[in-house]
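To keep things clear, I will list the structure first and then write my remarks on it.
If you're wondering where the values come from, they're calculated on a predicted model, not measured in any experiment. Order of listing sets the numbers, starting from 1, for every ligand and every atom in it. No hydrogens, no waters, no symmetry mates; every other heavy atom, side chains included, goes into these values. Position 1 is the first residue of the sequence, and the numbers go up from there.
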Amino acid sequence: DLSARANGTFCGEVGDLARAFNDMALRIEQLICAEKELLANVSHELRTPLARIRVVLETAQEAPARAQELLHEIGRDLAELEELVENVMASARMDVASTEMSSARLPLRLERRDLCAIAHESARRFRRMHPHRQLELESSREPAWVRADATLMRRVFDNILENACKYSDVGSPILMRLHTDAGAVRAEVMDSGIGIDAEDLPLVFNAFFRSDRSRNRETGGAGLGLCLAKRIVDAHGGSIGIDSVPGRGTTVRILLKPTDDVSAFA
Ligand code: ADP
């Protein structure tokens, strides 16, 4: 029985034990609730592209002449599914269902990495997936060395770029900028999209949060992307922030500590 509680007034050691037991019971309840919410959000987001793929396949069978165009649509839905699966797997690693911030269930695989190279990989994926979107990349030629888990940092950039794309119009450009200055490696992603209302800004890093503005758009989303990005950046000892003007656009900023300690990674 998960609602079990040590009731009554206890003093001394028994009292301490009773309180510890009650805290633990509450925490388990919270975790189960969060896991259920994760499952509900993810199943919903899985169903939408799967249902579309089924319809498109049926159409292709009836109209083989349109096969090329329909295959392209299936490719887009598969990419959406892949993103979701990647985010769910990373969420399990980063314990997004937990209420304690920046906890990771599994240790990070930290290596000396060039953040510019990771950002470029993410940009290449983005351009492949969204050939009609304009993504400008601004970075110095110098590598930006950080201690990072490259797979997880890729997730951060992929999620932020996907958001910039989902929440802005096809014609508007997206800018990704990287630079290193005294003591910090900075990465910024800017869009000129729908923006975020001031009252929603403090909530965007919460798991499963989606604003009404974004729900009204036809794009999917499980509300995991930014929560995951924050968990990952925090676990790297960095920080992530977001500025937005409704109707004008959004900027996401990431700050990481540079490293030039080559020996530590030998
Ligand atoms: P998802 O995009 O799956 O809904 P995220 O966790 O990535 O989830 O983002 C949470 C919410 O923050 C989004 O639903 C949206 O309301 C808002 N948001 C995030 N990035 C942007 C952006 N670039 N422009 C406008 N709104 C954004």
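- Each of the following atoms of ligand 1 lies closer than 4.0 Å to a heavy atom of Val204: 10 (C), 12 (O).
- Residue Asn159 places no heavy atom under 4.0 Å from ligand 1.
- Contact atoms of ligand 1 toward Leu224: 6 (O), 8 (O) (distance under 4.0 Å to a heavy atom of the residue).
- The nearest heavy-atom contact from the protein to atom 23 (N) of ligand 1 is Asp191 OD2, 2.9 Å.
- In terms of polar-atom proximity, Gly223 is counted as a contact of ligand 1, with an N or O under 3.5 Å from an N or O of the ligand.
- The side-chain heavy atoms of Glu45 and Leu224, taken from C-beta on, include no pair separated by under 4.5 Å.
- Against a heavy-atom cut-off of under 4.0 Å, Ala222 is close to the following atoms of ligand 1: 3 (O).
- Here is the list of ligand 1 atoms found below 4.0 Å of a heavy atom in Ser211: 14 (O), 16 (O).
- For atom 14 (O) of ligand 1, the nearest protein heavy atom (residue, atom name, distance) is Ser214 OG, 2.9 Å.
- For ligand 1, the atoms sitting less than 4.0 Å from at least one non-hydrogen atom of Lys166 are 1 (P), 2 (O), 3 (O), numbered in the order shown with element in parentheses.
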I'd like to know whether His179 forms a side chain to side chain donor-acceptor pair (under 3.5 Å) with Glu138, so could you lay out the CA-CA distance, the side-chain angles of the two residues, the decisive distance to 0.1 Å, and finally the verdict. CA-CA 8 Å; His179 52 102; Glu138 228 181 82; over 6 Å; no
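- At the shortest separation from atom 26 (N) of ligand 1 among protein heavy atoms lies Ile196 CG1, 3.2 Å.
- The shortest separation from a heavy atom of Gly195 to ligand 1 is under 4.0 Å, placing the residue in contact.
- Which of Asp197, Asn163, Asp200 comes nearest to atom 19 (C) of ligand 1 through a heavy atom is settled by distance: it is Asn163.
- For atom 11 (C) of ligand 1, the candidate residues are Phe208, Phe209, Tyr167; the nearest heavy-atom contact is made by Phe209.
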